Amino acid sequence: DVKVTQSSRYLVKRTGEKVFLECVQDMDHENMFWYRQDPGLGLRLIYFSYDVKMKEKGDIPEGYSVSREKKERFSLILESASTNQTSMYLCASTQVNSNNEQFFGPGTRLTVL
Amino acid sequence: GQNIDQPTEMTATEGAIVQINCTYQTSGFNGLFWYQQHAGEAPTFLSYNVLDGLEEKGRFSSFLSRSKGYSYLLLKELQMKDSASYLCAVRDMANAGKSTFGDGTTLTVKP
């Protein structure tokens, strides 16, 4: 059974802290994605990766960075958290040679105080 | 770029049929997805259309017209558990693994 897991369901951090959100998939998928989801704004792509050590900016990369050292793991980093980064963060993965449906993790609700 | 439009909210009655529309304007077309997302949960895949026509899967069907840049998701015999957000997503031309999502339609099913 396909599985995408995220390190935390809920996280509370303070302004200026460095925050790491981890995502792991067990499906040997090449592509992995980080989104944030806010009311009225839908799912917005932050970064994605199509291979180990490869990354590309999405629509809203400012204030974020990512790391993909292993195929199964894709990390999202907030270098210095700010209150406007309070959001639901969703990780997803997909296989290249398929209809490319994305499999999502359960999400991390991050609150920055 | 991609522009995807769907209604923000819809309400329907248990047992009825509801159609959720999605229109898109894209520089190319490489397939369209529908996802379901219950409140507080992750989106889950419902359907995929790449050719014109209707794809049926149980109570849910999805239709695509590429010439009109239009898709709809049809839900029959509505149940209370169908109350959720429904996301339309268009697959990227340059990177087939990537999709652009609409803002979603929140469907409320009433008894």
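Quick caveat, the model's predicted, so the values are computed rather than measured. Chain naming here is simple, since letters A, B, ... match the order of the sequence lines and numbering starts at 1 in each. Side-chain atoms are counted along with the backbone in the values below, which use heavy atoms only and exclude waters and symmetry mates.
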Margin query: With a strict 4.5 Å heavy-atom criterion, list every residue of residues 61-78 of chain A that contacts chain B, or say none.
Written below: none

Checklist line | B:Asp52/B:Arg66 salt bridge by N-O under 4.0 Å criterion | finding: yes

Note to self: I'd like to know if B:Arg91 and A:Glu101 make a salt bridge, using a cut-off of under 4.0 Å between side-chain N and carboxylate O.
What the structure shows: no

Notebook entry, point to check: Do A:Ile46 and A:Leu21 share a hydrophobic cluster, counting only Ile, Leu, Val, Met, Phe, Trp and Tyr and linking them when any side-chain heavy atoms are less than 4.5 Å apart?
Noted result: yes

Check: Hey, which of A:Leu45, A:Leu43, A:Leu41 has the most heavy atom pairs under 4.5 Å with chain B?
Finding: A:Leu43

Check: If you count heavy-atom pairs under 4.5 Å with chain A, which of B:Pro43, B:Gly104, B:Gly102 comes out on top?
Finding: B:Pro43

Next item on the list: Give, as side chain, backbone, both or neither, the part of A:Arg9 having an atom under 4.5 angstrom from any heavy atom of chain B.
Entry: side chain

Checklist line | Aromatic plane relationship, B:Tyr48 with B:Phe33 - under 30° parallel, 30 to 60° tilted, over 60° perpendicular | finding: tilted

Next item on the list: Give me the ring orientation class for A:Tyr35 and A:Phe33: parallel if the planes are under 30° apart, tilted from 30 to 60°, perpendicular past 60°.
Entry: parallel

Note to self: Can you tell me which portion of A:Gln37 sits under 4.5 Å from chain B's heavy atoms? Options are side chain, backbone, both or neither.
What the structure shows: side chain

Check: Angle class for the A:Phe103/A:His29 ring planes (parallel below 30°, perpendicular above 60°, tilted otherwise)?
Finding: tilted

Notebook entry, point to check: Under 4.0 Å between a Lys/Arg side-chain N and an Asp/Glu carboxylate O for A:Glu79 and A:Lys18?
Noted result: yes

Check: Counting N and O atoms only, with roles assigned by atom type, does the side chain of A:Thr108 sit under 3.5 Å from a partner on the main chain of A:Ser8, one being a donor and the other an acceptor?
Finding: yes

